[in-house]
Amino acid sequence: MENLMRLIPPIHELMEDPTVLDLQKQLNMSNSMIKSSLQEATTYIRNQIRDQQATFEDSGDIKQVIMSRAEHTLLDYLKPNLMPVINGTGTVLHTNLGRARLAESAIEQMVKVAKQYSTLEYDVESGKRGSRNKIVEQYIKDVTGAEAAIVVNNNAASVYMVLSAFSKGHEAIVSRGELVEIGGSFRISSIMEESGTRLREIGTTNKTHLYDFQQAINEETNMIMKVHTSNFHMIGFTQSVPRHDLVSLAHDHHLIYYEDLGSGMIYDLSQHGIGHEPLVKDVIESGADLVSFSGDKLLGGPQVGIIAGKKKWIDQLKKHQLARVLRVDKMTYAALEETLKLLIQEKHQSIPTIRDILVSQDELKSRVQAFMQRVPHYIKSSLVTDETKLISKVGGGTLPEIELPSYGIRMSSQAISAEKISEQLRRMDPVIIVRVEQNDVIMDFRTISQEEEDLVLNHLIELSNSF
Ligand SMILES: *Cc1c(COP(=O)(O)O)cnc(C)c1O
């Protein structure tokens, strides 16, 4: 062991090795980065020797291993941490995988405004300062029927802003059955507290009556808030108060009626028999003062929060200090504007989120069958692959009760476990994320685009060659 330790070359010697110098030149990285990668590799080798894991013959051998480990570390460091993946889970709005995929036109416009200067806050006509609030407001008004709108960083920010601006130091009444946790520890009750609003919980978890609201109103009250329970579905002995009655009650007492819609459905999925989400337009029409929803859920756009409603209130939000804190950047505006235009032009099939929710099991089945024709026979024996019916989910905390009949492939192997297959697929470039059920790997084609199929096929070939 001592002898082996002595064979480890000193760092200064490694730094001058032609291979290392070449690598440094090629990667254009500083001395200190090169040095620390070599130090890390050297420490690793030292530990290997100490633990008697190492089988080195001579110093040349050790040097080789150190340099190749250092190179690996450096290349890994330069790889993007935020990288595209192929989503084989079938969950269309996968929060951990970035929620909505954007439409082509949205992407093109994003690239343009990123590359060039833009009219983000510039009025071309007057040649003077303009407002970013004007970029998409008209389109939001058109798709929601609201008088005015403002865009903020995400929908959690919408809730925070509305409550801070209008209910700070006052009481807002919310049904106990609607105090939802959205995930990632976002709780409506915590946001309310954070905003300085006093939360007045009423009713029970499963039932809230109009008289509960009536009795809770006092001189401190200034808002009735309804939260759309988008990520769970309550069944059985339940009751909530119809929106219409709550709006009337709020307005009779000069209170603001605010509804946090979460998923924000603009394109009506219920016409295809998918769910009973309230349409933003209907909520506005029923007299809500303010509504808020996410841009990257059922809208199929970038991460934003949209607050729409009565001009009187939105004007106050536009002037609020938080408008600056929560404002949205130009690339986001570009993507949002194009997504809204597609909705206005009824080109919802060009919005990947909506297209992927609507694609039928039959369509997916023929894609999967065509794909299976291309899978070489030798793969089918080492990696047992079969087409299969599946159920996919919308995800992103929306339409939790909806099961979308889907289609995909099921794989298993005698040689390695499903978990191991899934792990290998995560190591490939691009990464494929799959579902593991029992001892099968499941790939749902709902969330795999046609352009991604070649990559998937190549990965399967590579995978089966590895065992
Ligand atoms: C998703 C959701 C939020 C949070 O929206 P983000 O855009 O993720 O910040 C808030 N309220 C409801 C009801 C939601 O469904």
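Whatever order the structure lists ligands and atoms in, that order sets their numbers, starting from 1.
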Colleague: Hey, are Glu193 and Lys168 close enough for a salt bridge, meaning a charged N less than 4.0 Å from a carboxylate O?
Modeller: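 No, this pair does not count.
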Colleague: Between Glu259, Lys226, Glu178, Arg99, flag the one that comes closest to atom 8 (O) of ligand 1 by a heavy atom.
Modeller: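 It is Arg99 that holds the nearest heavy atom.
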Colleague: Return yes or no for this condition: an N or O of Ser263 is under 3.5 Å from an N or O of ligand 1.
Modeller: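 Between Ser263 and ligand 1, no N or O pair is found under 3.5 Å apart.
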Colleague: Of the backbone atoms (N, CA, C, O) and the side-chain heavy atoms from C-beta on, which set of Lys297 has a member under 4.0 Å from an atom of ligand 1: side chain, backbone, both, or neither?
Modeller: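 It is the side chain that gets close, since no backbone atom is under 4.0 Å.
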Colleague: Does the pair Lys112/Glu108 count as a salt bridge with the N-to-O cut at 4.0 Å?
Modeller: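 Looking at Lys112 and Glu108, the cut-off is not met.
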Colleague: As an exercise, identify every atom of ligand 1 less than 4.0 angstrom from a heavy atom of His228.
Modeller: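 The atoms of ligand 1 under 4.0 Å from a heavy atom of His228 are 13 (C).
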Colleague: Among side-chain atoms of Glu137 and Tyr139, is any donor-acceptor pair under 3.5 angstrom?
Modeller: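 No - no donor-acceptor pair under 3.5 Å links their side chains.
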Colleague: Answer yes or no: is there an ion pair linking Arg101 with Asp356, defined by an N-O contact shorter than 4.0 Å?
Modeller: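 Yes, Arg101 and Asp356 are salt-bridged.
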Colleague: Which of the numbered atoms in ligand 1 are under 4.0 angstrom from any heavy atom belonging to Ala156?
Modeller: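 By the 4.0 Å cutoff, the relevant atoms are 4 (C), 5 (O), 6 (P), 9 (O).
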Colleague: Can a salt bridge be assigned to the pair Lys226 and Glu178 using a cut-off of 4.0 Å between side-chain N and carboxylate O?
Modeller: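 Between Glu178 and Lys226 there is a salt bridge, with a charged N closer than 4.0 Å to a carboxylate O.
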Colleague: Using distance alone, decide if ligand 1 has a nitrogen or oxygen within less than 3.5 Å of any nitrogen or oxygen in Asn155.
Modeller: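 Yes: some nitrogen or oxygen of Asn155 is under 3.5 Å from one in ligand 1.
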Colleague: Answer with yes or no whether Val159 contacts ligand 1, where contact means a heavy atom under 4.0 Å from a ligand atom.
Modeller: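 Heavy atoms of Val159 never come under 4.0 Å of ligand 1.
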Colleague: Which of the atoms in ligand 1, numbered in the order shown and given with their element, are less than 4.0 Å from a heavy-atom of Ser294?
Modeller: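 That gives atoms 5 (O), 6 (P), 7 (O) of ligand 1.
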Colleague: Salt-bridged, Arg198 to Glu220, with N to O below 4.0 Å?
Modeller: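 Yes.
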